[in-house]
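This report concerns only the one structure given below.
The chain is numbered in sequence order, starting from 1.
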Amino acid sequence: MTTVAAVDCGTNSIRLLILRREQDGSITELAREVRLARLGQGVDATGEFHPDALARANVIFEEYAGLIDAEGTDEVRFVATSAARDVSNRAEFERNVRDRLAVAVDVITGDEEARLSTMGVLSGVDASTPALVFDIGGGSTELIVVDDGAAVRSALSLDIGAVRIKERFLHSDPATADEVAAAREHVGALLDGAGVDFPALKSAIGVAGTVTSVAASVLSLQQYSRQAVHETVLSRADIDRTVSRWLAQTAEQTAAEPCMHPLRAAVLGAGGLILDEISRRVPDGAVLVSETDILDGIALGLLGRTAG
């Protein structure tokens, strides 16, 4: 048996997945956790991690270290994406991770992020190709076009994450019409210049907190259910109605909704705006929600690497 742990550290959330490959080759999920750290707090303006964000992250690292140790994990991979690529105090962040998890931070390239995301998503859903897999993070949004056989046709990362758009454009609470319009213009221009042939797509698959939060709201969940959310199909009307509500209300009002974390509520309108603009461009505006994503890709990659 082999036990592996994957940590995906993004701009908004830090997630853990522990898998065990049994002697018969089957895979058992031992732990799947998500915590909100808002590591991207102020990064767009200052270029560095805020001390409060680092403190929140350290608490999460310590919790995850206990879970990893309890499972007798053989290998751990800590992957950081947009949040850690360009900050000036990256060394302090990496030292914090080493001190608590005894593992180096792997700040992956956009190409590696696309490969791992595709592996994770397609491990859990089936969709017609060419398909757009998109991941709305806190600092960036990844757009991956996948052909038959999980072949990646194109992949790119755009600087339009939920935290980044909130801090750059949506200053009021709730955002004003002018702020929303400016954000939409910026997001739309980047999407239209991304080189994705949106009309040629056969399907679109969305992952990460913004998309899953919309699904939970559409399903009227009182407690979050990964099983209920996975493979939900969001219609254009579902997305428009939910995102319009979030943009029109305060963060406090959004935080009061079921299944909502206060740190996510503050940026959910911005993330929803990105989702809404993608939905406007994909076939029929429909988005298939996947609960498998880059985190699964990281863990499955470790199991593949330790196979035999």
For Arg153, is there an ion pair with Asp148 - N to carboxylate O distance below 4.0 angstrom? no
I'd like to know if Arg236 and Asp284 make a salt bridge, using a cut-off of under 4.0 Å between side-chain N and carboxylate O. no
With a 3.5 Å cut-off and no angle check, do the side chains of Thr254 and Glu252 form a donor-acceptor pair? no
Between Ser217 and Arg245, do the side chains contain an N or O donor and an N or O acceptor separated by less than 3.5 Å? yes
With under 30° as parallel and over 60° as perpendicular, where do the rings of Phe49 and Phe93 fit, or are they tilted in between? tilted
Glu94: partners by side-chain contact (heavy atoms from CB on, under 4.5 Å), with sequence neighbours left out: Arg90, Arg98, Val105, Val107
Just by distance, no angles: are the side chains of Thr212 and Glu291 close enough, under 3.5 Å, to form a donor-acceptor pair? no
Quick one: does Glu179's side chain get under 4.5 Å of Ser172's, heavy atoms only? yes
Trp246 side chain to Gln253 side chain, donor-acceptor N/O pair below 3.5 angstrom: no
Atom CG of Asp99: over 12 foreign heavy atoms under 6.0 Å: yes
Between Asp296 and Arg32, does at least one N-O distance fall below 4.0 Å, as a salt bridge requires? yes
What side-chain donor-acceptor pairs closer than 3.5 Å can you find for residues 182-189, not counting sequence neighbours?
unit_1 : atom_1 : unit_2 : atom_2 : d
Arg184 : NH1    : Asp276 : OD2    : 2.9
Arg184 : NH1    : Glu277 : OE2    : 2.6
Arg184 : NH2    : Asp276 : OD2    : 3.1

State plainly whether the residues Glu113 and Arg115 are in salt-bridge range, i.e. N to O under 4.0 Å. no
Donor-acceptor pair between Glu142 and Ser157 side chains, under 3.5 angstrom: yes
Does Val233 share a hydrophobic cluster with Val211, counting links as ILVMFWY side-chain heavy atoms below 4.5 Å and allowing steps through other members? no
Enumerate the residue pairs fulfilling salt bridge (Lys or Arg N to Asp or Glu O under 4.0 Å) with a member in residues 45-66, sequence neighbours excluded, ordered by first and then second residue. Arg35-Glu63, Glu62-Arg100
Option from Val214, Val243, Ile239, Leu234 for which side-chain contact (heavy atoms from CB on, under 4.5 Å) with Ser279 holds: Ile239
Cut-off 3.5 Å, side chains only: do Asp178 and Thr176 have a donor facing an acceptor? no
